[in-house]
Every structure is written in structure tokens, then in C-alpha cells.
Amino acid sequence: MREDIINKVLQIFNANIENTEITFGQTEDDLIALGMDSITFIRIIVALEEAFDIEIPDEKLLLTEMNTISKMTEVISAVLDNQNNSIGE
């Protein structure tokens, strides 16, 4: 499941950033250094929320909280786990 999330995040990221192609081996790389600015970040967040049918918590909507593919994946996984736990209650 985590690998599926990483692949989807990479796909969305690469579709929204110009002149850069992030690979699976770069999940820990700082996305700001790779060309992500605040406008691109917002576009990516919106695309992630739509793709995974989630709402990312406001406290995570900061470049510093989600500046790597790995961090984005962790946030998405946590939100999905939380949703699944709520459904089971």
C-alpha cells in the first residue's frame, strides 16, 4: 500500500512541476531544492487530496511539513489510516 501511495505521489508531483523528474530513489530529497515553490505546492496538495479523496490537516499544509515525497506519503498514509479507523467505529 505504501509503495502505491509513493508511486501516486510521484506521478502527481511530476505532473505539476516543470523541468524536473523525481524518481523513486529521490523520496528523501528536498523538493524545494528541486524546484517546488509555494504555488506548485498548493497545486500538488489539491491534486493529492483529489486523487486520494482526503483532506490534509491544516497543520500539515506547510512546505516544511511536506518538503519530501516521503513526508507527503507519511501524511497521506496517516490521513487514510485515520479515515479507515473512523469507518470501522
Side-chain angles (χ1 to χ4, degrees):
M1 169 95 172
R2 180 171 166 78
E3 192 171 309
D4 293 340
I5 294 172
I6 290 173
N7 286 330
K8 187 73 173 171
V9 172
L10 282 169
Q11 181 183 1
I12 290 168
F13 185 85
N14 286 326
N16 283 283
I17 194 156
E18 297 175 10
N19 306 321
T20 304
E21 179 81 15
I22 307 298
T23 64
F24 198 81
Q26 294 175 293
T27 58
E28 297 296 331
D29 290 6
D30 187 334
L31 300 175
I32 298 163
L34 295 173
M36 183 174 69
D37 59 20
S38 57
I39 302 296
T40 306
F41 178 70
I42 292 166
R43 282 201 317 257
I44 290 168
I45 294 301
V46 169
L48 291 172
E49 288 182 333
E50 289 174 359
F52 290 100
D53 194 26
I54 59 172
E55 187 173 326
I56 295 172
D58 290 347
E59 66 269 12
K60 296 294 182 184
L61 296 177
L62 302 169
L63 279 168
T64 54
E65 287 289 327
M66 294 177 57
N67 65 333
T68 67
I69 297 295
S70 183
K71 286 181 182 179
M72 288 182 181
T73 303
E74 287 172 21
V75 169
I76 292 165
S77 295
V79 172
L80 289 171
D81 287 348
N82 199 6
Q83 278 182 349
N84 291 338
N85 291 339
S86 297
I87 292 169
E89 291 175 357

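Considering every non-hydrogen atom in both Glu59 and Glu65, the closest pair reads O-CG, 3.6 Å. Closest heavy-atom contact between Thr20 and Asn14: O-OD1, 3.9 Å. Nearest approach of Met66 to Met72, heavy atoms of both residues: O-CE, 3.4 Å.
Screening residues 2-29 for salt bridge (charged side-chain N to carboxylate O under 4.0 Å, His left out) gives no qualifying pairs among residues at least two apart or on separate chains.
Under the 4.5 Å side-chain criterion, counting only non-hydrogen atoms from C-beta, Met36 is in contact with Ile17. Counting only heavy atoms from C-beta outward, the side chains of Asn82 and Val79 never approach each other to under 4.5 Å.
The CD atom of Glu74 lies 9.5 Å from the OG1 atom of Thr27; values are rounded to the nearest 0.5 Å. Here CZ of Phe13 is found 5.5 Å from CD1 of Ile69. Values are rounded to the nearest 0.5 Å. To the nearest 0.5 Å, atoms OG1 (Thr73) and CD1 (Ile5) are separated by 7.0 Å. Here Ile32 contributes atom CD1 and Thr64 contributes atom OG1; the two are 7.5 Å apart, rounded to the nearest 0.5 Å. Rounded to the nearest 0.5 Å, atoms OG (Ser77) and CD1 (Ile54) are 9.0 Å apart. Here the CG atom belonging to Asp30 is positioned 8.0 Å from the OG1 atom belonging to Thr68, to the nearest 0.5 angstrom.
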Exercise. Would Ile12 and Val9 satisfy side-chain contact (heavy atoms from CB on, under 4.5 Å), going step by step from the backbone distance to the final call?
Worked result: CA-CA 5 Å; Ile12 290 168; Val9 172; 5.9 Å; no
For this session: Mind running side-chain contact (heavy atoms from CB on, under 4.5 Å) on Gln26 and Leu10 for me, showing each step along the way?
Result: CA-CA 10 Å; Gln26 294 175 293; Leu10 282 169; over 6 Å; no
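Residues Ile76 and Phe24 share a single hydrophobic cluster, defined by chaining ILVMFWY side chains whose heavy atoms lie under 4.5 Å apart.
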Residues 38-52, side-chain donor-acceptor partners within the protein, below 3.5 Å, at least two apart:
from	atom 1	to	atom 2	distance (Å)
Thr40	OG1	Asp37	OD1	2.7
Arg43	NH2	Asn16	O	2.8
Glu49	OE2	Ile56	N	2.9

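Asn85 places a side-chain N or O within donor-acceptor distance of the main-chain N or O of Asp81, the cut-off being under 3.5 Å.
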